[in-house]
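Here the structure is laid out as structure tokens; the discussion comes afterwards.
Position 1 is the first residue of the sequence, and the numbers go up from there. Here the structure is a predicted model, which is why all the values come from computation and not from measurement. One-based numbering, in listed order, for ligands and for the atoms of each.
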Amino acid sequence: MYRFKPVLRIPGPVPVPNEVSLQMAKPMINHRGAVFKEHYPAVLKRLAPLFGTQNQIHMITGSGTSGMEAAVSNLVSPETPVLCLRGGFFGNRWVELCQAYGAKLHVLEFPWDGGIDAGQVGEYLKQHPEIELIFMVQNESSTAVLNDVASVSQARGSHRALLVVDAVSALGGTPLKMDEWGVDVIVSASQKCLMAPPGTAFIAFSDRAREYSADCRASRYYFDLRLYDKYMEKSETPFTPNIHNVFALEEALNIIETEGLDNVFARHILMRDMMRAGARALGLELLVKDEDASPTVTAIKYPEADSFRARIRTRYGVEFAGGQGIHADKIFRVGHMGYATPLDVLTALAVLEMDMKKYGEATKAAEQVMNS
Ligand SMILES: Cc1ncc(COP(=O)(O)O)c(C=O)c1O
């Protein structure tokens, strides 16, 4: 098998369309000059429909975790009572970050193969009026679970806690309505559904979150939101940004806007359903039940999954992701977000069929979903 053209089927970073990659080769510009000042605010405005917000969106140079740390460092003072909703590896990242900033930590545990139970969150909040911040993940990439952000937000009732959401592997692949759902902080990144190279995080604060952060006593410098707000008045970032990711993002947004956001979301749902039908047709067990299934990544149980993945990589040049945390070596994950089409799902399934010598079984089931 010729493997000179590797196929990346992981939940980010995702393949980058050629026209997006080409933007990275543009000549360098002054990040305090006229061209940057024209493009930077414009691209952030175009992200607003993906966030579902009128709030200012900021770009931070760093990976998705830098956006998460920006959220925590602007909100969590020592001993702040926070509630982390942990149902996977990235839910746990909120726990670790809040610990690092000295929060008084409350953790609600959810099984690492299903969604967050909003009812349980509501009950916990009733018993703990002191909680000031809630941290959750919209699309838990480690388990391939899509959590219901709207229902968690609603479960707060009249509780004053702010809701902070990691939408790193969700934004641009599934609806997100920051303002309508009453979410206070959203964090995302460039290398997932946005189809751009890694190295850029995005963060949006509601007015309430911005007011709350003004009293935050945490030490912060690079991530200090007040600096980002101040420099935004001049259409600049406080520090030298990942300039070319602005251009890359513009091109990626051209692609997304041409397809239409609703069509983008529908494509992700279709890829999810095809992947799941194909895996089932091969007799493979899915980690997550249908109602919690992510539209951007699918997790499949497989004994000794890591050696299986290595075999697939060697034979076919296709890269699946492994399990994380308690799922290490027990599942493999197939990314179908961003620059991915139903044909990519058929290719991933064909590889599984060949490995299992069940020719045509998965692709047939997936094709039926595609044509239904
Ligand atoms: C849901 C989620 N949150 C956070 C992250 C962390 O992002 P990064 O690796 O860019 O720091 C990831 C990365 O895979 C993710 O999928």
Checklist line | Within-shell test, K192 vs ligand 1, heavy atom, strictly < 4.0 Å | finding: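 Per 4.0 Å heavy-atom rule, K192 contacts ligand 1.
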Show me which atoms of ligand 1 lie under 4.0 Å from any heavy atom of [X].
{"X": "R93", "value": "6 (C)"}
{"X": "T65", "value": "6 (C), 7 (O), 8 (P), 11 (O)"}
{"X": "M68", "value": "4 (C)"}
{"X": "S63", "value": "8 (P), 10 (O), 11 (O)"}
{"X": "N139", "value": "1 (C)"}

Checklist line | ligand 1 N/O within reach of D166 N/O, cut-off under 3.5 Å | finding: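 Indeed, backbone or side chain, D166 has an N or O that close.
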Check: Below 3.5 angstrom, do we get any N/O pair linking S141 and ligand 1?
Finding: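 The answer is yes, given that S141 and ligand 1 share an N or O pair closer than 3.5 Å.
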Item checked: Check: N55/S206 side-chain N/O donor and acceptor closer than 3.5 Å ->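 No donor-acceptor contact under 3.5 Å links the two side chains.
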Check: Will you find, in the side chains of E236 and H31, an N or O donor that is under 3.5 Å from an N or O acceptor?
Finding: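 Note: E236 and H31 side chains miss the donor-acceptor criterion.
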Beyond-backbone contact of [X] with [Y], side-chain heavy atoms, under 4.5 angstrom:
{"X": "V288", "Y": "S294", "result": "no"}
{"X": "E140", "Y": "T143", "result": "yes"}
{"X": "H336", "Y": "M275", "result": "yes"}
{"X": "L83", "Y": "H128", "result": "no"}

Notebook entry, point to check: Under the side-chain contact (heavy atoms from CB on, under 4.5 Å) criterion, do H58 and F202 qualify, and how do the steps go?
Noted result: CA-CA 6 Å; H58 287 299; F202 305 97; over 6 Å; no
Notebook entry, point to check: Quick one: nearest non-hydrogen protein atom to atom 12 (C) of ligand 1, plus distance?
Noted result: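 Going atom by atom, the protein heavy atom closest to atom 12 (C) of ligand 1 ends up being F90 CE2, 3.3 Å.
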How does [X] reach ligand 1, by side chain, by backbone, by both or by neither, if only non-hydrogen atoms under 4.0 Å count?
{"X": "V168", "result": "side chain"}
{"X": "Q191", "result": "side chain"}
{"X": "A189", "result": "neither"}

Next item on the list: Test F247 against H244 for ring pair (Phe, Tyr, Trp, His ring centres under 6.0 Å), laying out the working first.
Entry: CA-CA 5 Å; F247 298 136; H244 283 67; 5.6 Å; yes
